[in-house]
Structure formats: structure tokens, C-alpha cells
2 protein chains.
Amino acid sequence: MPSNPRQSTGSRQAEIIATMLALAAARNPADITTTDIAKAMGVTQGALFRHFSSKEAIRLAVAEWIEAHLMARLGEARQAAPDALQGLEAMFLAHVQFIRELPGVPRFVFAELQQPGDSPVRQCVQKIMQRHRQTVAEALESAKAVQLIRLDLDCHAAAALFLGAIQGLVIQTMLGEVPAEIDERARGVLRLYLCGLGARP
Amino acid sequence: MPSNPRQSTGSRQAEIIATMLALAAARNPADITTTDIAKAMGVTQGALFRHFSSKEAIRLAVAEWIEAHLMARLGEARQAAPDALQGLEAMFLAHVQFIRELPGVPRFVFAELQQPGDSPVRQCVQKIMQRHRQTVAEALESAKAVQLIRLDLDCHAAAALFLGAIQGLVIQTMLGEVPAEIDERARGVLRLYLCGLGARP
DNA sequence: TAATTGTAAGTAACTTATTACATACAAACG
DNA sequence: CGTTTGTATGTAATAAGTTACTTACAATTA
């Protein structure tokens with residue numbers, strides 16, 4: 001759908017980010033070329049460089065978009081919950097839903113994760129996971145403070161497993177499962193995870 | 001170290017596989033070129049094609065190598081354990097150790113996982129995970145049969161979380177943690193996982 | 001008018017794979 | 001035993017295609 005009239009750099013940047021994520025849903029993000037993005041947008045390849053100085057800059061913008069939107073979703077889910085334990089559940093399910101809506105997100109993150117060195121993109125992905133784990137750890141501590149979960153719980157391990165459970169679901173879904181199934185599987189895994197916390201529902 | 005005397009195709013194939021995995025430990029496997037492999041081996045780039053018909057064939061050989069060696073390790077760990085529950089623990093720790101010894105393995109798997117379509121390499125990676133999950137599910141059923149774990153356990157979810165816990169550990173370790181730390185973290189996560197199973201140690 | 005957004009064409013670097021040719025090696029033979 | 005001879009393994013060069021990015025120029029818009 002070539003929305004061909006000229007557009008501002010701001011709106012084109014948003015369009016490039018969205019197109020990158022849309023393409024990443026079905027293909028290896030590392031193999032997405034500037035030509036692919038331009039073709040999907042209905043412009044020529046060179047046009048992209050009017051709005052981003054390099055492909056690296058595009059990837060950084062995508063990472064920052066993910067950080068902002070994912071953290072917002074998680075924050076909303078947590079704040080809407082009546083207590084810390086239900087906040088954890090809500091964050092888990094909100095994350096899964098976010099990924100189901102935008103399958104390109106985990107694929108992009110995994111692709112950047114593979115990159116060596118300390119590029120800004122990688123640092124951004126790193127920050128996303130750190131903030132995420134920090135938020136989970138805080139919720140766990142809150143739940144512990146009001147005895148919703150075991151008092152002898154290792155919160156560091158629990159936060160790691162929280163993230164790991166989701167990452168594992170995504171990986172196993174990427175490998176041939178029916179994408180819609182992830183929601184059902186997520187509930188099963190979440191229930192099991194809460195048992196490990198010693199949660200009293 | 002150019003081990004330059006002529007070698008048989010068999011030994012060169014093994015060398016190519018090992019070199020690929022060694023390079024994948026530190027770089028994005030998708031970005032490893034035939035020139036990189038050849039340079040690391042001390043031969044010219046064209047020489048590789050005396051032993052493999054294409055780069056795809058190299059990747060397939062690597063995947064098959066991983067399948068054989070990983071499954072062997074897991075099988076040994078499980079059989080050496082006195083009961084099904086300790087078999088699960090042993091498989092978990094054996095997998096973590098395998099990955100710590102060969103960091104290129106998970107990186108290679110994740111890279112292939114991102115590839116679309118149904119290439120033989122992808123099918124092989126798919127088979128590895130299916131077999132792995134199947135083995136875990138069997139061990140869980142065995143443990144349930146002798147009441148080492150909760151009888152109302154959802155074994156499908158438990159097998160998924162078992163794999164996910166490891167995959168999560170790997171991902172979080174790839175993101176900047178100290179590699180040696182993974183063993184310690186693994187034990188914490190494993191203990192929490194076993195609590196979720198309702199295990200009685 | 002002047003800046004912005006677009007196009008079309010081009011470039012330099014890189015990648016896989018092939019080709020023509022050289023050399024080591026083992027078996028066969030006189 | 002020494003020579004020949006066929007094959008497996010290596011090299012150097014290069015073909016053919018792809019990629020990110022640039023440049024010269026045109027058109028839109030403020």
C-alpha cells in the first residue's frame with residue numbers, strides 16, 4: 001500500500017520502525033535489508049536515508065520503541081492489579097499478549113542479542129531486560145512483604161525464572177507451534193511458576 | 001594455528017564443524033562467513049567446498065553434531081541418576097554444563113531458529129527440541145508414577161518450563177552477565193522449579 | 001525562494017561458489 | 001624397489017550477486 005504523498009521525517013521514522021517490526025514477524029531480522037523495508041513502504045531504498053543516518057540508527061530506534069511500549073504495558077498491568085501477586089500475573093500475561101500482537105518484537109530482540117560488542121542497540125536491549133527483571137523483583141519483594149508468597153524465596157532466581165518462562169514460551173512457539181496456542185500454554189506455565197513461589201491464591 | 005598438512009575429508013569436516021562452533025561462541029553465527037572459517041583453519045576459502053557442497057551443508061552438519069552430542073549427554077545424566085526426579089536434576093545441570101563448555105551451541109541454535117521456512121537445518125533444530133521435551137516429559141511421568149512429585153502436575157507445562165528455564169538462563173547470560181555465573185544461577189532456578197513440581201527432597 | 005522529501009543511478013565492499021591449475025599420496029605395475 | 005598414474009586435497013583468481021550508503025537531480029511544500 002504505497003501511501004505515496006510526501007510525509008514528514010517524524011511520520012516516516014515511525015513508519016520505518018513499524019515496517020521493520022512487521023517484516024521481523026515472518027523473517028530473520030538480521031536478513032531484513034533496507035531494500036526490503038523500502039519496498040514494503042512503497043518508496044525507494046535511498047529514501048530511508050533521508051530519515052535515518054544508517055541502518056544501525058534504524059535498529060536503535062526500533063529497540064527504543066520496544067523499550068518504551070513494553071515497559072508501558074507492563075507498568076499498566078502491574079498498577080491495575082489489586083495486589084503484588086496479581087500484579088505479577090498481570091505482567092506475565094500482558095507480556096505474552098504484547099508478543100502475540102507483535103511477533104516481530106521477540107525476534108528482533110533475539111537477533112540483536114546475538115550481536116557482539118557493545119553497540120548502542122545491544123545496550124538498549126540489555127537495559128530492557130534489566131528494567132524488566134528489576135520490576136519483577138520489586139513485585140516479588142512486595143508480595144513477600146505481605147506474605148502472599150514463601151518467605152524463604154530466592155527473589156533473584158524467581159525473577160530470572162519469570163523472564164525465562166516467557167522467553168522459553170516464545171522460543172518454543174517460534175519453533176513450529178501454532179501461534180495462538182501460546183496463550184493457553186502461558187497460563188499452564190504461569191500456574192506452575194506460582195506454585196514454585198508458594199503462592200496462596 | 002595452521003595445521004597445514006593435507007588431511008582427509010572426514011577430519012576436515014570435523015574441524016570445520018568445531019571451528020564454526022568456536023567462532024559462534026563470540027560472534028553472531030549468521031555473520032560467520034566461509035572466509036572466516038577458512039582463515040581460522042589456516043586454509044583458503046575455496047578449500048571448504050572440497051569437504052562440504054555448500055554453506056548450508058556445513059550448518060546442517062553442525063546441527064546434527066549438536067543433536068548427537070547433546071542427546072548423548074542428557075541420556076547419560078538421566079541414566080546415572082538413582083530415580084526419575086534426580087534424573088531431571090541431572091539433565092538440567094548437564095545441559096547447563098554443556099552450554100557453558102560450548103557457548104557457540106545455543107547461539108547457533110537461536111540463529112537457526114530465526115530462519116523462516118522449513119530448511120533441513122531448521123527441521124533438525126526442531127527435532128532436537130522435540131526430543132528434549134519428550135525426554136523431560138517421560139522423566140516427569142516416571143516421577144509422578146512413584147509419587148516423587150505432585151500428582152495433579154501438568155506435565156506438558158512442566159516440560160515447557162523445564163526447557164524455558166534453561167533457555168532463559170542462556171539468554172540472560174548472553175546479555176552481559178559473567179559466563180561463569182550461569183552455574184550458580186542455574187542451581188537457584190532449578191531449586192525453584194522443583195518447588196513448583198511439589199518435589200519432596 | 002529555500003528547505004525538505006523523493007527518485008534513479010552508481011559505487012565500493014563483501015559473499016558464496018566455481019574454475020583452472022598444482023601437489024601430495026597411495027596403489028598398481030614393470 | 002622404483003616408476004607411473006589416478007585421485008584427493010589444496011591454492012589463486014574470479015564470476016555473479018547482494019548490501020549499505022552516496023550523489024546528482026527533480027518535485028513538493030512552507
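Because the structure is predicted, anything quoted here is derived from the model rather than measured. In the text below, chain A, chain B and the rest are named by the order of the sequence lines, each starting its count at 1.
Atom pair B:Ile16:CD1 and C:dT16:P shows a separation of 13 Å (rounding to whole Å applied). We find that CG of B:Leu48 is positioned 13 Å from C1' of D:dT11, with the value rounded to whole Å. C:dA24 atom C1' lies 13 Å from atom CZ of B:Arg12, rounded to whole Å. Whole-Å rounding puts the B:Phe52 CZ to C:dT15 C1' distance at 19 Å. In this structure, A:Asp36 places its CG atom 13 Å from C1' of D:dA20, rounding to the nearest Å. Between the C1' atom of D:dA20 and the CG atom of A:Asp31 lies a distance of 15 Å, rounded to the nearest Å. To the nearest angstrom, P of D:dG10 lies 7 Å from CD of B:Gln7.
Between the side chain of B:Gln13 and the main chain of B:His51, a donor-acceptor pair closer than 3.5 Å is present.
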How far apart are the C-alpha atoms of A:Asp154 and B:Arg191, what are their side-chain angles, what is the distance that settles it, and do they pass the salt bridge (charged side-chain N to carboxylate O under 4.0 Å, His left out) test?
CA-CA 9 Å; A:Asp154 177 351; B:Arg191 205 174 309 126; 5.0 Å; no
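Using modelled atom types and a 3.5 Å distance limit, the side chains of B:Arg73 and B:Gln97 yield no donor-acceptor pair. For the residue pair A:Gln45 / A:Thr34, a side-chain donor-acceptor distance below 3.5 Å is found, with atom types taken as modelled.
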So if I define the base as every atom that isn't primed, P, OP1 or OP2, how would nucleotides 21-30 of chain D read as a B/S/- string at a heavy-atom cutoff under 4.0 Å?
BB-B-BBB--
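For A:His51, taking side-chain heavy atoms from C-beta onward, the closest of the listed nucleotides C:dG6, D:dT19, D:dT11 is C:dG6.
OP1 or OP2 of C:dT5 sits under 4.0 Å from a side-chain N or O of A:Thr9.
Shown here are the side-chain contact (heavy atoms from CB on, under 4.5 Å) partners of A:Asp83, two or more places apart in sequence or in another chain: A:Leu85, A:Gln86, A:Leu148.
The structure places CE of A:Met129 at 9.5 Å from NE2 of A:His132, a figure rounded to the nearest 0.5 Å.
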